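Once you've had a glance at the structure underneath, I'll fire off some questions.
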Amino acid sequence: MDVVSIKDALAGKVAEGAKVRTRGWVRTRRDSKAGISFIQVNDGSCLANLQWVVPATLANYQDEVLRLTSGAAVEAIGTLVRSQGQGQAFELQADSVQVYGFVDDPETYPIQPKPHSFEFLREVAHLRPRTNAFGAVTRVRHAIAQAIHRFFDRQGFCWVNTPIITASDCEGAGQMFRVSTLDLMNLPRNDEGKVDFHEDFFGREAYLTVSGQLAVEAYCLALSKVYTFGPTFRAENSNTPRHLAEFWMIEPEIAFADLNADAALAEALLKSVFRDVLERCGEDLAFFDERVQKGVVSRLEGLVDAEFVRIDYGDAIKVLENCGKTFEFPVHWGADLQTEHERYLTEEYARRPVVVMNYPEEIKAFYMRLNEDGRTVAAMDVLAPGIGEIIGGSQREERLDRLDARMRQFGLEPAAYQWYRDLRRYGSVPHAGFGLGFERLVAYVTGMANIRDVIPYPRTPGNAAF
RNA sequence: UCCCGGAUAGCUCAGCGGUAGAGCAAGUGACUGUUAAUCACUGGGUCGCAGGUUCGAUCCCUGCUCCGGGAGCCA
């Protein structure tokens, strides 16, 4: 007999009156003196539960069915029929119920059929996928990942798996986690008394990657259109609702392209993702709209059609200077935009995502291309209402002399970047790319307020328990 | 890391210088093709941890741990 997912059963993909086998975990049980019990069962295939109608005549009714509580793992064979009740179109008239696993102490089972705070659920990260909210987050997260791959695939991009362990300590962004097999209690020392990393696994210092960008640039300058999608690590002591020590990042890189093409790609990618998720995740999005953040669905619908606002950094500064608001951090040309400035631009000025372009060169990374004005670089940030910076990107400096000058300006030794410099020596070409924070995108789409609640097992300072 | 706020039953919270309460959950019973069912009863707490003040601390003070909001770093 076929095993049918609850999603398919409720969607009418199974003929009415068909015998089916369904499985899942109990959400609630209600008993009726009419000689039946109603059991709501969820298998994660969709948000909705399937109602099993279990007659008291089953052999194991007294001993087992009446002992079922939230969380128990069960299987039933029965007939899919139109429901006599109001809440659902179909239900399963059970011929038999098999219990795989009871909840051995129902009083302390953390997941109850009621709303829980997300803070509490973080403490039971292994059980929170059994809630409506985390089931929905998990399905939407998956749908977004698939939508991203589909978008790039359609456009002829290659997914390039850049290394997670990197020996270059110069990827440019933030504090790194060290990777080592040395015995911390007994470190090998060289003549100067310093740790001798020649003895370490890779024969040199190694770290977890903070970005695949430099590595993927090499593939860009051969395959033209590439992207990375993988885990990224930052050992920053960041304690905010939008930072993780381990997160996933998408980094496309396109050859023969300038900053405008980069911004256009970012906008097209985001819109494509929004469109796909709206089409495929209606039930889950409706849940987020109702229970998590009002208006997330109409926000996504609006974004699919609206043009993102593109604004030059210099013009953004003027907007902020003339907006009549007093900011805690004063606005002036040359300063980086603070959170309060970004919020004004996205939430009050534009009321939609804003692409800020061409930042002052001294506040941006060494690899960003110096503009003709000599004081700005071809960098862009995509700022989204409610979540802030969701994408950061740039056109890369493809001219070797300028790149070397910028490295020295930032106190970096060009010799340490030989392979990266080679790309500017052998067939260099204008190219551009950006980094999209995957969890920030999931948070934005779902309306979830804390990034720790859109990744299965969040890693943050002091937190890696699961 | 900095600035605020918080930690009381399995969960969400109220409370008060004299050693604790509600709703939900759980258990039992009643009722019912039920819908986070309803009603009644019952069990359940070293009031975050360690010190201090006090005759007496869950309450006041100090330190620590953890959590939340804001900021910085950024994706």
Side-chain angles (χ1 to χ4, degrees), chain A residues 27-40 48-55 66-67 69-71 81 83-88 91 93 103 105-124 127 131-132 172-175 210-213 228-251 266 291 327-329 336-340 342-343 363-365 381-384 387-393 434-444 449-452 454-455 460-463 465:
Chain A
R27 286 295 176 82
T28 62
R29 190 196 88 224
R30 295 179 295 275
D31 306 317
S32 167
K33 272 296 181 298
I36 49 179
S37 287
F38 299 96
I39 302 177
Q40 298 287 340
N49 304 320
L50 178 63
Q51 174 164 282
W52 291 358
V53 182
V54 181
L66 289 183
R67 280 173 54 216
T69 56
S70 292
V81 298
S83 179
Q84 300 172 30
Q86 292 302 310
Q88 57 283 316
E91 63 191 15
Q93 190 69 45
V103 171
D105 185 7
E107 184 162 7
T108 57
Y109 179 64
I111 309 301
Q112 299 165 6
K114 62 169 242 174
H116 291 285
S117 67
F118 291 128
E119 292 83 359
F120 166 70
L121 290 172
R122 265 173 237 150
E123 296 168 14
V124 287
L127 296 172
T131 63
N132 286 333
Q175 291 292 110
V210 294
S211 164
Q213 181 203 315
T228 71
F229 190 162
T232 308
F233 306 87
R234 305 267 168 97
E236 305 283 356
N237 191 8
S238 297
N239 293 286
T240 82
R242 55 189 180 282
H243 287 88
L244 292 165
E246 176 184 289
F247 63 100
W248 287 62
M249 187 155 66
I250 298 102
E251 296 173 288
R291 298 291 184 90
F327 294 108
E328 187 187 341
F329 294 89
D336 210 352
L337 297 180
Q338 302 292 321
T339 297
E340 55 177 344
E342 296 179 354
R343 291 187 66 133
I363 62 172
K364 288 293 183 181
D381 285 349
V382 178
L383 312 175
I387 194 127
E389 185 179 340
I390 195 168
I391 284 177
F434 60 81
L436 165 62
F438 183 53
E439 282 77 17
R440 287 189 181 176
L441 179 61
V442 178
Y444 186 60
N450 196 313
I451 199 166
R452 300 170 193 206
V454 296
I455 189 168
T460 53
N463 188 345

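Treat the numbers as computed from the prediction; the structure is a model and nothing was measured. We name chains A, B, ... by the order of the sequence lines, and we start the count at 1 in each one.
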rG5(B) to rG63(B) separation - P atoms, rounded to the nearest Å: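 Going atom to atom, P in each nucleotide, I get 14 Å.
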Interatomic distance where CG belongs to Asn463(A) and C1' belongs to rC66(B) [whole Å]: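 To the nearest whole Å, that distance equals 10 Å.
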Any residue meeting salt bridge (Lys or Arg N to Asp or Glu O under 4.0 Å) with Glu251(A), in chain and number order, not counting sequence neighbours: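 If we apply the salt bridge (Lys or Arg N to Asp or Glu O under 4.0 Å) test to Glu251(A), skipping adjacent residues, there are no hits.
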Residues which pass salt bridge (Lys or Arg N to Asp or Glu O under 4.0 Å) with Arg343(A), listed by chain and number, not counting sequence neighbours: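 Checked Arg343(A) against salt bridge (Lys or Arg N to Asp or Glu O under 4.0 Å); matches are Glu347(A).
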Nearest-angstrom distance, C1' atom, rG6(B) to rU12(B):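 Pairwise C1' distance, rG6(B) against rU12(B), rounds to 15 Å.
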Pairwise P distance for rG69(B) and rC13(B), with rounding to whole Å: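 Their P atoms lie roughly 13 Å apart.
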Touch class at under 4.0 angstrom, heavy-atom based, for Ile250(A) against every strand present: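 Contact class for Ile250(A): none.
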Pairwise P distance for rC47(B) and rG21(B), with rounding to whole Å: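 Roughly 14 Å separates the two P atoms.
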Closest-nucleotide 5' rank along RNA chain B - winner of Lys33(A) and Trp248(A):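 Looking at RNA chain B, the more 5' nearest nucleotide goes with Lys33(A).
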Pairwise C1' distance for rA20(B) and rA9(B), with rounding to whole Å: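 Straight-line distance between the two C1' atoms is 11 Å.
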Residue Gln338(A), side-chain heavy atoms: nucleotide from rG72(B), rA75(B), rG33(B) that is nearest: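 Among the listed nucleotides, the one closest to the side chain of Gln338(A) is rG72(B).
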Qualifying residues under ring-ring contact (aromatic ring centres under 6.0 Å, His included), relative to His243(A), sequence neighbours excluded: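 Here no residue qualifies.
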Sugar-phosphate only, base, or nothing, as touched by Pro461(A) at under 4.0 Å among non-hydrogen atoms: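 Answer is nothing: Pro461(A) stays at 4.0 Å or more from every strand.
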Distance, rounded to the nearest Å, where Phe38(A) contributes CZ and rA36(B) contributes P: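 Roughly 13 Å, once rounded to whole Å.
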Per-nucleotide protein contact string for nucleotides 3-13 of chain B, where B marks a base within reach and S marks sugar-phosphate only (heavy atoms under 4.0 Å, - for neither): -------BBS-
Between rC61(B) and rC24(B) - C1' atom distance, rounded Å: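 Between the two C1' atoms, the distance is 36 Å.
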Value rounded to 0.5 Å, distance of NE2 in His116(A) from CD1 in Ile111(A):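 Rounded to the nearest 0.5 Å, the NE2-CD1 separation comes to 5.0 Å.
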Check against side chain to side chain contact (heavy atoms under 4.5 Å, CB included), Arg30(A) and Gln51(A): CA-CA 10 Å; Arg30(A) 295 179 295 275; Gln51(A) 174 164 282; 3.3 Å; yes
Verdict with supporting geometry, Asp381(A) and Lys364(A), side chain to side chain contact (heavy atoms under 4.5 Å, CB included): CA-CA 11 Å; Asp381(A) 285 349; Lys364(A) 288 293 183 181; 3.3 Å; yes
Sugar-phosphate only, base, or nothing, as touched by Gly85(A) at under 4.0 Å among non-hydrogen atoms: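 Base: the residue Gly85(A), judged by heavy atoms under 4.0 Å, touches a nucleobase.
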Side-chain donor/acceptor of Arg452(A) to base of rC67(B), under 3.5 Å: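 No, no donor-acceptor pair under 3.5 Å.
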Sugar-phosphate, base or nothing in reach of Glu340(A), heavy atoms under 4.0 Å: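 Nothing, no nucleic acid heavy atom in range.
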Rounded interatomic separation in angstrom, taking CG from Asp31(A) and P from rU35(B):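 Distance, rounded to whole Å: 13 Å.
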Rounded interatomic separation in angstrom, taking CD from Gln175(A) and C1' from rC73(B):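 Nearest whole value for this atom pair: 10 Å.
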Touch class at under 4.0 angstrom, heavy-atom based, for Glu91(A) against every strand present: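 Here Glu91(A) touches the bases of the nucleic acid.
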Between C1' of rA71(B) and CZ of Arg343(A), the distance in whole Å: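 Going from Arg343(A) (CZ) to rA71(B) (C1'), I get 12 Å.
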Spacing of the C1' atoms in rU19(B) and rG56(B) (rounded, Å):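 Pairwise C1' distance, rG56(B) against rU19(B), rounds to 9 Å.
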Length of the line joining Leu66(A):CG and rA26(B):C1', which is rounded to integer Å: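 Checked: the CG to C1' distance equals 16 Å.
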Most 5' of Glu389(A) and Ser70(A) on RNA chain B, judged by nearest nucleotide: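 The residue mapped nearer the 5' terminus is Ser70(A).
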Euclidean distance for C1', rC67(B) against rG48(B) (whole angstrom):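 One C1' to the other, the span is 11 Å.
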Any N/O donor-acceptor pair, Ser238(A) side-chain to rC74(B) base, under 3.5 Å: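 Absent.
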Per Thr240(A) side chain, nearest of listed nucleotides rC73(B), rG68(B), rA75(B):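 So the nucleotide nearest the side chain must be rC73(B).
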Rounded distance in Å - CZ (Arg30(A)) to C1' (rG33(B)):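 Rounded to the whole Å, the gap is 10 Å.
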Interatomic distance, Gln40(A) atom CD to Gln88(A) atom CD [nearest 0.5 angstrom]: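 One finds 6.5 Å between CD of Gln40(A) and CD of Gln88(A).
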Per Ile451(A) side chain, nearest of listed nucleotides rG72(B), rA75(B), rG68(B):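 Selected nucleotide (nearest to the side chain): rA75(B).
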Touch class at under 4.0 angstrom, heavy-atom based, for Gln213(A) against every strand present: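 Counting heavy atoms under 4.0 Å across all strands, no contact is made by Gln213(A).
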Distance, nearest 0.5 Å, that separates OG1 of Thr69(A) from CD of Gln112(A):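 It is 11.0 Å, given to the nearest 0.5 Å.
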Touch class at under 4.0 angstrom, heavy-atom based, for Ile36(A) against every strand present: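 Contact class for Ile36(A): base.
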Nearest-Å distance for atom pair CZ/P, residues Arg29(A) and rU32(B):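 Those two atoms, CZ and P, are 17 Å apart.
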Candidates rU34(B), rG69(B), rC73(B) - which lies nearest the side chain of Glu236(A):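 Side chain of Glu236(A) sits closest to rC73(B).
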Any N/O donor-acceptor pair, Arg242(A) side-chain to rA75(B) base, under 3.5 Å: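 Answer is no: no donor-acceptor pair is held.
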Residues forming a ring-ring contact (aromatic ring centres under 6.0 Å, His included) with Phe329(A), sequence neighbours excluded: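 Testing Phe329(A) for ring-ring contact (aromatic ring centres under 6.0 Å, His included), a comparison that skips the adjacent residues, returns none.
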Of the listed nucleotides rA71(B), rU32(B), rA75(B), the one nearest the side chain of Arg440(A):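 The answer is rA75(B).
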Residues which pass salt bridge (Lys or Arg N to Asp or Glu O under 4.0 Å) with Arg242(A), listed by chain and number, not counting sequence neighbours: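 Arg242(A) satisfies salt bridge (Lys or Arg N to Asp or Glu O under 4.0 Å) with no residue once adjacent residues are dropped.
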Sugar-phosphate only, base, or nothing, as touched by Ile391(A) at under 4.0 Å among non-hydrogen atoms: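 It contacts sugar-phosphate atoms only.
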Set of ring-ring contact (aromatic ring centres under 6.0 Å, His included) partners for Phe438(A), sequence neighbours left out: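 Only Phe229(A) meet the ring-ring contact (aromatic ring centres under 6.0 Å, His included) criterion with Phe438(A).
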Shortest non-hydrogen separation from Ile391(A) to Ala266(A) and the atoms involved: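 For Ile391(A) and Ala266(A), the tightest heavy-atom pair comes out as CD1-CB, 3.9 Å.
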Partners passing salt bridge (Lys or Arg N to Asp or Glu O under 4.0 Å) against Arg27(A) (at least two apart in sequence or in another chain):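 In terms of salt bridge (Lys or Arg N to Asp or Glu O under 4.0 Å), with neighbours along the sequence ignored, Arg27(A) is linked to no residue.
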Selected nucleotide, minimal atom distance to Thr28(A) side chain, candidates rA75(B), rG33(B), rA37(B):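 The closest nucleotide is rA37(B).
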Side chain of His243(A) (C-beta onward), nearest among rG33(B), rA75(B), rC73(B):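 Given the options rG33(B), rA75(B), rC73(B), the side chain of His243(A) is closest to rC73(B).
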Watson-Crick and G-U pairing of RNA chain B written in dot-bracket, each distance under 3.5 angstrom, with | for inter-strand partners: (((((((..((((....[..)))).(((((.......))))).....(((((..]....))))))))))))....
